[in-house]
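In this chain, residues are counted from 1 in sequence order. Heavy-atom basis, side chains included; hydrogens, waters and symmetry copies ignored.
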Amino acid sequence: KPGQFVIIIQDSKKWKYTCRTMAEIQALVLDNSTCIHECIEGPCKLFFDFDSDVPCHALPADFIQTIETQISKLIPVPVKSPIWFSRKTGKLSFHLVYPTVWVSDRRVIIDIAKQICVPEPLKIDPLVYQVGHLRVAYSSKPGQLGSELVNGSFSPDKFTSGFITCESEPIEYTFPQAAPTIS
């Protein structure tokens, strides 16, 4: 229905699909005890999931700027700055969302990701593009801290901008593979 989003909620070891409004999802996230994954189907925002398979605690100081510079070369027009979320649980994990850049389908991002050079030991996790589930910003896995906004703090604007399927921003660029405009 309009205003509802399909998500997967994990409580302990049980997973269930559900439709929730943005306000309901935000309340679950603020509870900080539930792992919420957004179900990504059809056109979506450009997003990346950077993960490390091994524990590590240091990245090059210019990591974020280097990644953003590489991606900006793939987008031929100036667009709104991306949103970064991080999770620290012994290994590094980042989610990067471009709130105003869209693609026709999440699988298109696999080819885009191949053009980005990521410093070791990080990699862009290809599984999220195959399965179509990405953890919602600020949610937490059971027994772990939730992800945090890099260089910022929680706000409803950042929350909805970080949601992959929610059009909270005007579309500034759509990758050529995506002919239809989201309305």
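For the pair Glu38 (side chain) and His133 (backbone), a donor-acceptor distance under 3.5 Å is absent. Side-chain atoms of Arg20 do not come within 3.5 Å of backbone N or O of Ile25 as any donor-acceptor pair. Looking only at distances, no side-chain donor or acceptor of Glu68 sits under 3.5 Å from a matching main-chain atom of Gln65. In this structure, the side chain of Ser161 does not engage the main chain of Lys158 through any donor-acceptor pair within 3.5 Å.
With contacts defined as side-chain heavy-atom distances shorter than 4.5 Å, the pair Arg106/Glu41 qualifies. Between Lys123 and Ser52, every side-chain heavy-atom pair lies at or beyond the 4.5 Å cut-off. Between Phe63 and Leu92 there is no side-chain heavy-atom pair separated by less than 4.5 Å. At a threshold of 4.5 Å between non-hydrogen side-chain atoms, the residues Leu28 and Glu24 do not count as touching. Contact of the Leu59 side chain with the Phe50 side chain is not registered, since no non-hydrogen atoms from C-beta on lie closer than 4.5 Å. At least one side-chain heavy atom of Ile71 sits less than 4.5 Å from a side-chain heavy atom of Leu96. With contacts defined as side-chain heavy-atom distances shorter than 4.5 Å, the pair Phe175/Leu46 qualifies. The closest side-chain heavy-atom distance from Ile83 to Pro99 is below 4.5 Å.
The six-membered or imidazole ring of Phe47 lies away from that of Trp102, with a centre-to-centre distance of 6.0 Å or more. Taking the six-membered ring for Trp and the full ring otherwise, Tyr138 and Phe85 have centroids separated by under 6.0 Å. Note: Phe94 and Phe48 fail the aromatic proximity criterion, with ring centroids not under 6.0 Å apart.
Hydrophobic clustering of Ile, Leu, Val, Met, Phe, Trp and Tyr side chains at less than 4.5 Å, counting indirect connections, unites Leu122 with Val150. Under the 4.5 Å side-chain heavy-atom criterion for Ile, Leu, Val, Met, Phe, Trp and Tyr, Leu74 and Ile110 are members of the same hydrophobic cluster.
Using cut-offs of 30° and 60° on the angle between ring planes, the pair Trp15 and His37 is tilted.
Separation of atoms CG (Leu127) and CD (Gln130) is listed at 5.5 Å; rounding is to 0.5 Å. Atom OG of Ser147 is separated from atom NE2 of His95 by 7.0 Å, given to the nearest 0.5 angstrom. Between the SG atom of Cys39 and the CD1 atom of Ile164 there is a distance of 12.5 Å, given to the nearest 0.5 Å.
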message = Assess the residue pair Thr174 and Ile171 against the criterion (side chain to side chain contact (heavy atoms under 4.5 Å, CB included)); give the C-alpha distance rounded to whole Å, side-chain angles, the decisive distance to 0.1 Å, and a yes or no.
response = CA-CA 7 Å; Thr174 304; Ile171 297 173; 3.4 Å; yes

message = Let's go through Val118 and Ile116 carefully: what are the C-alpha distance in whole Å and the side-chain angles of both, what is the deciding distance for side chain to side chain contact (heavy atoms under 4.5 Å, CB included) to 0.1 Å, and is it a yes or a no?
response = CA-CA 6 Å; Val118 182; Ile116 301 168; 4.1 Å; yes

inquiry  = Using the rule given for side chain to side chain contact (heavy atoms under 4.5 Å, CB included), can you reason through Val29 versus Phe159, listing the C-alpha separation, both sets of side-chain angles and the distance that settles it, and then say yes or no?
reply    = CA-CA 10 Å; Val29 168; Phe159 180 81; 3.9 Å; yes

request  = Could you walk me through whether Lys16 and Ile8 pass side chain to side chain contact (heavy atoms under 4.5 Å, CB included), step by step?
outcome  = CA-CA 5 Å; Lys16 63 179 180 180; Ile8 304 171; over 6 Å; no

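The two residues Val6 and Cys19 have their closest heavy-atom pair at CG2-SG, 4.0 Å. Taking all atoms of both residues into account, the shortest heavy-atom contact from Pro78 to Glu172 is O-OE1, 4.3 Å. The minimum heavy-atom distance between Ser72 and Thr69, with the atom names listed, is OG-O, 2.7 Å. For Gln70 against Cys117, the heavy-atom pair with the smallest separation is OE1-N, 2.6 Å. Listed here is the closest heavy atom pair of Ser153 and Leu149: O-CD2, 3.3 Å. The heavy-atom pair separating Val128 from Asp125 by the smallest distance is CG2-O, 3.5 Å.
The pair Glu169-Lys80 meets the salt-bridge criterion, with a side-chain N (NZ, NE, NH1 or NH2) lying under 4.0 Å from an Asp/Glu carboxylate O.
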